[in-house]
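Structure record follows, encoded as structure tokens.
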Amino acid sequence: MCCQAAVVVLVRSVSTMDTDSKSSKDMLQQTLAWFIDATKSCILSSWRKLKICEELFGTLLNGVSQITVSRGGQLLPVLLIPLKPLVVSTCSQADMTGSSPGALFEAVVKLSCEIIEFGWTKDRALVDTFIMRLAAYVRERNDYEEEDGKGKEAVPVIRLNVISLLAELCVCLKKWEVVDMILPLFIEHLEEGDASSPSSLRLRLLDAISRVACLGFEKSYRESIVLMTRSYLDKVKALGASENNTVPSEATIERTETLPAGFLLVASKLTSTKLRSDYRHRLLSLCSDVGLVAESKSGRSGADLMGPLLPAVAEICSDFDPVSTVEPSLLKLFRNLWFYIVLFGLAPPIQKNEAPSKSVSTSLNMESTSAIALQAVAGPYMWNSQWSVAVQRIAQGTPPLVVSSVKWLEDELELNALHNPGSRRGNGNENSAVGQRTALSAALGGRVEVAAMSTISGVKATYLLAVAFLEILRFSCNGGILSATSTLNKSNSAFSCVFEYLLTPNLTPQVTQCLTAVVHRAFETMLSWLEDRISDIGEGADVRESVLSDHACFLIKSMSQRDEHVRDVSVKLLTQLKEKFPQVHWNSSCLDLLLISVHNELTSGPVSDPAWVATIRSLYQKIAREWLTSALSYAPCTTQGLIQENFCKPSGVQRTQHTADVVSLLSEIRICSGKNDWNGIRTANVPAVMDSAAAASGAKKEAPDFTLEVLSTAVVSATVKCNHAGEIAGMRRLFSTMGGINMGMAPPGTLSVQPHQSFDEVFVSKFVSLLQNFVVAAEKQPIDNSQFRETCSQATALLLDHMMSDSRANLEGFSQLIRLLCWCPAYISTPDSMETGIYIWTWLVSAAPSLGPLVLAELVDAWLWTIDTKRGLFASDMNYCGPDAKLRPHLIPGEPEAPPEKDPVEAIIAHRLWLGFFIDRFEVVRHDSIEQLLLLGRMLQGTMKSPTHFSHHPAATGTFFTAMLLGLKFCSCQSQSNLQKCNMGLQLLEDRVYRAALGWFSYAPEWYESQNKSYAQREAQSVSVFVHFLQNERSSNPVDSASKSQGREGEHNTADQIHPVWGCVDNYATAREKRKQLLLTLSQNEADRLEVWAQPINTKDTTMFRGKISSDKWIDHVRTAFAVDPRIALSMPLRFPTNATMQSEITQLVQTRLLELRTIPEALPFFITPKAIDENSVLLQQLPHWAPCSVTQALEFLTPPYKGHPRVMAYVLRVLETYPPETVTFFMPQLVQSLRYDEQKLVEGYLLGATRRSNIFAHILIWHLQGEYVDESEKDAAALKGSAFQSLLPAVKDKIIESFTPEARDMFEREFDFFDKVTSISGVLFPLPKEERRAGIRRELEKITIPGDDLYLPTATNKFVRGIQLDSGIPLQSAAKVPIMITFNVVDRDGDPNDVKPQACIFKVGDDCRQDVLWASLL
């Protein structure tokens, strides 16, 4: 380090000295001499390989260069004299020979280049002399014999290193003058000197020449390449002559390493287009010559001779455009190249069962033509793996091997190569031909039999085999996308090459059949390439979809070819492509091209041919109709969005708006909720998807049987979108013109500190604020849906305008806006807001597919938020739902609840629309976007995580089963190769879907009555579609075998395995099938039930024939349901009430597993039976621990069959005690009747206790007791039978009255006295004539006063009486009595005391009103 620092200081010192003084000049010269001597010492030192020595050497030479340059050209003569010995000394070191000469050599080369470059303009003659003196060492010959231990063939190290140094000088200086001085010397030694024979000197000179040729100077390039190609060809020709002699190792190295490396170097470094074209021609010519020479040799493998050239050929062809116009001579060279590649077996195998490539083989064993060809087709590859890669690269740059006819094959190749009697293959032309045909048949995948090729000669078969290899390899690389396309109007698809063969004129039928098979094999190769990358994500997925789009677009355009055979092949391949990769249906490029191709292709023909125009028009319309119909049947939302975007594009408007063909085509396409153009059940048959499609189209869905007109809705919606886009574009231009918006006014005399805001920043913040306001307003009152839609549309137009205006599309500022566009419909949760959301989301993913993952991620988060907040479909805590809710606790347990503030059905319908959009997106992304599939999987995992978090509102039936349908559809992706790694997760998700679906049937069936006439029908259709999918779901599962194998491996630990969904499972596959069959049976019953509810008078049998379920199968269903959830089994009799087998099995299961069912009141009827009462069964001992049931069910146990069993009575009274007395008053008639069988006075005790807690209960009980009492004079024989009951009634009444407190007694007396007076009016009116009864009512009412403000109506205990409307009395029609109707002025007990309302009641005397009470209860 100290030496280096001293050198640097000395250089800086002498550089600042006076240039004119003699002393300074002497000092500079002395310093240079010191530096040169020091560098020589470094070179001669034994430590020269040490890093510190190399660094010192470099510092010294750098100092020499700086000193020389700093003094102009004064020191140049002084320096060049000692510089030559320094360079020679460096080159004379043996350890500097080789591919890595070391840092010292590189430093000397660098110094030499700097000095030559500096002196080039200062003293050219001096520099030329220096170079020529160095070049003289190339000619110098030492006395080899004086060197001990070395033969005559040894070459001095100095000569080798000087050659390398001179080559480096040429490369670094890049001056043609220097090259012209050095290159002739190299060539002279190679052709006439001692380097003309194989030696290390020759190898070094060839390497130097190849490096010089890379510089691109035309003269030197041509001289070098001519020498190199001639040298390689001479070596190949010499192989046969020297076959019996020992070949020098240098000769083999020259042929297999040095020259091929030189050719590759030139191909990779040459930049001139002209020279690259010339070099390509020369290399291909060399390959052709080598092939001819190899064919003329006997016992020599042509692969060893041509293989080394292939990397260079691949490199020089890497930038060649295969679809450009190719000169016939060049095409012939490409043809010859591939002919020999196939003939020598150099191409990689093209069958799928190919074995791994092996290392280079130089075997000279003789092989037959057929053996080589077959091995080339099927493998394994026997040559250098680099050659295989090179052939694949050559295929990318090779033009189609198409000629005007195949005559040239017979004229040239049959005579020159294949049928050469002197060839190693000279065992008969026919045998060779059969071998080539066999290989060709194998390459074509057996599409063409060998017997069908009898008219094809051996040479023609070889040519066709070359075509097969070329095109199949072309499609195996990059999926058949051409890497170099010079013309933008040409397709990137390699089909543009392979279709050229089909367009060749004068082809025989057999050749046409083979070329067609080549096209299909190439197509299969492309499909295989796409399938191998089906699991790619990110950029890899984008590349895969781009390849798919390019090929599909080319096939669409090829349908306009005049050749009928080409059109048929195009249609067939396009159909197969759509079936294999359905995502192409929703590729915007393909759809746009399909809609505009009719107009473009029909008007671009060179000659007007009406017949051809009609054929093409008909074909395009047929394909387009099938394409659009299929796309709409699976993803109607996305398809309509793409059609609308096509109309919005300027090119689309210009080409399609005024095209009658396109208009007529779209006008014929429509989708509806009824019969459509496709067969079977598809996604668009799901009502939720259809509703979402209507929302995505922007159309108003009002009619029950809605029909979506694709053309009209697309035009209208596209117009609306264009208007919004125009608004944003106009505002952007105005904003730019005005120079932005000044958001604040600065005070006079001061500078504004308000930062400048861009157009996007201003309007993004504005739209964010507006959308947030909608969310806040929706919590309080309904929002203006039209204004909300307008705001969302404008915000979307702003976002898309930003993405189109900025190619980099920075979306960070728009993240909040995107989030609100996705979340607002979820926050608002109304059908209208969700329709707006679907319209916006479809617009976003159609206009900007790159936003698809982002939008879906936000939607999934929003969906999971609705689960956490229990909204819509997930409002599991909402008990007020369905008709039974109004009768709580009459039919179901629990306290009565007030109706919710918001109609829960709106949020459920919003979820149904949302699910339709999710199903649509699933169909689009299931094959091409793993990221979005995983997002949907996350959504479904959250949805199915618990079977209890779903709402059981009867209006949610269709929405629930639509969610289950999406879950099963997603689980069906197990068969897709892109989700093979997720099979176990998909299996678990499927189990959760089954569990959630079965959980729906753990409740009693209910009905929902909607004002929308089609609602019930669409609910039934939703369940039917689910049933259809479940029926057609595959029965076997790839995971099953894995599960079984795991079970066998852990056979001894089966009891310890707990399934996360089903618990302990003995045989998973069997249990899964049983659960599926149970779910299918229950779902089918639900579909039939809803269908009858929707169309009760429908005489058409809409259900398919179903076989009768045997008793054993019913027992199996019950046991399966009980294992999943006992509630499911207990609810089954409500759906199948006449199935005695089911009833018996459920009873048995309940009684054997009673302890597990204590929390399920529905299990009571299955063990509290008359038989159990008679036997005083021990099962009744569980009643004290049982959960309360409904009042109706409890009262049933008070009937005579249960004989007042004390345990049963105790349970019934406990149930009644759980409810307030006022709630139980609804069942007062039944309670009073139960006194007939109340031998142990338990019911009486409950009634007396309840009267002490509630005056209203006491009053109503007394009224009912009075209604049951029969006067002695009116008793008949029937009444005498209940004399005990009759005698009990007044006693109970007296006990109630006696238990009253003074305040309660006063209230009782006033209430009863007041209404007794009102009721007695009916008896007073009986003797009066009818015309006087109304006046009589008024007279009697005037006599009655209201004793207090706490009197209530007996028929409405929540109404306080405030007065009587005297003129309201109306006598009613009756044959025996005189009923009257009187209107009271009442107020609500808990309401505003000033809010007085009229309330009418009917009174009559002497009539039995018990039947009236029962009828009122039913109503």
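Computed from a predicted model, the values in this text were never measured in an experiment.
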Sidechain-backbone polar pair: Ser277 side chain, Thr273 backbone, donor-acceptor under 3.5 Å
no
Parallel, tilted or perpendicular: ring planes of Phe263 versus Tyr279, cut at 30 and 60 degrees:
tilted
d(Ile341 CD1, Ile394 CD1) to nearest 0.5 Å is 4.5 Å
How many angstroms lie between CD in Glu315 and CG in Leu264, if you round to the nearest 0.5 Å?
6.0 Å
Has Ser285 got a side-chain atom pairing as donor or acceptor with His281's backbone, closer than 3.5 angstrom?
yes
Quick one: which residue pairs count as a salt bridge (Lys or Arg N to Asp or Glu O under 4.0 Å) with a foot in residues 270-285, not counting sequence neighbours?
Glu218-Lys274, Arg222-Asp278, Arg276-Asp319, Asp278-Arg282, Arg280-Asp319
The reported gap from CG in Leu227 to CG in Leu206 (rounded to nearest 0.5 angstrom) is 6.5 Å
Side chains of Pro399 and Leu331: does their closest heavy-atom pair fall under 4.5 Å?
yes
Looking at side-chain heavy atoms only, is the closest gap between Pro348 and Trp387 below 4.5 Å?
no
Quick check against the 3.5 Å criterion: does Arg474 have a side-chain atom that pairs as donor or acceptor with the backbone of Thr398?
yes
Cys287 vs Tyr340 side-chain heavy atoms within contact, under 4.5 Å
no
Indicate yes or no for a side-chain donor-acceptor contact from Arg204 to the backbone of Leu160 under 3.5 Å, with no hydrogens or angles considered.
yes
Supply the atom-to-atom distance Gln396 CD to Phe320 CZ, rounded to the nearest 0.5 angstrom.
13.5 Å
Donor-acceptor pair, distance only, cut-off 3.5 Å: does the side chain of Trp176 make one with the backbone of Phe217?
no
With a 4.0 Å cut-off, would you call Glu191 and Arg230 a salt bridge?
yes
Who passes side-chain hydrogen bond (donor to acceptor under 3.5 Å, both in side chains) against Arg202, sequence neighbours left out?
Ser231, Glu254
Using modelled atom types only, decide if a donor and an acceptor are shared between the side chain of His189 and the backbone of Leu185 within a distance under 3.5 Å.
yes
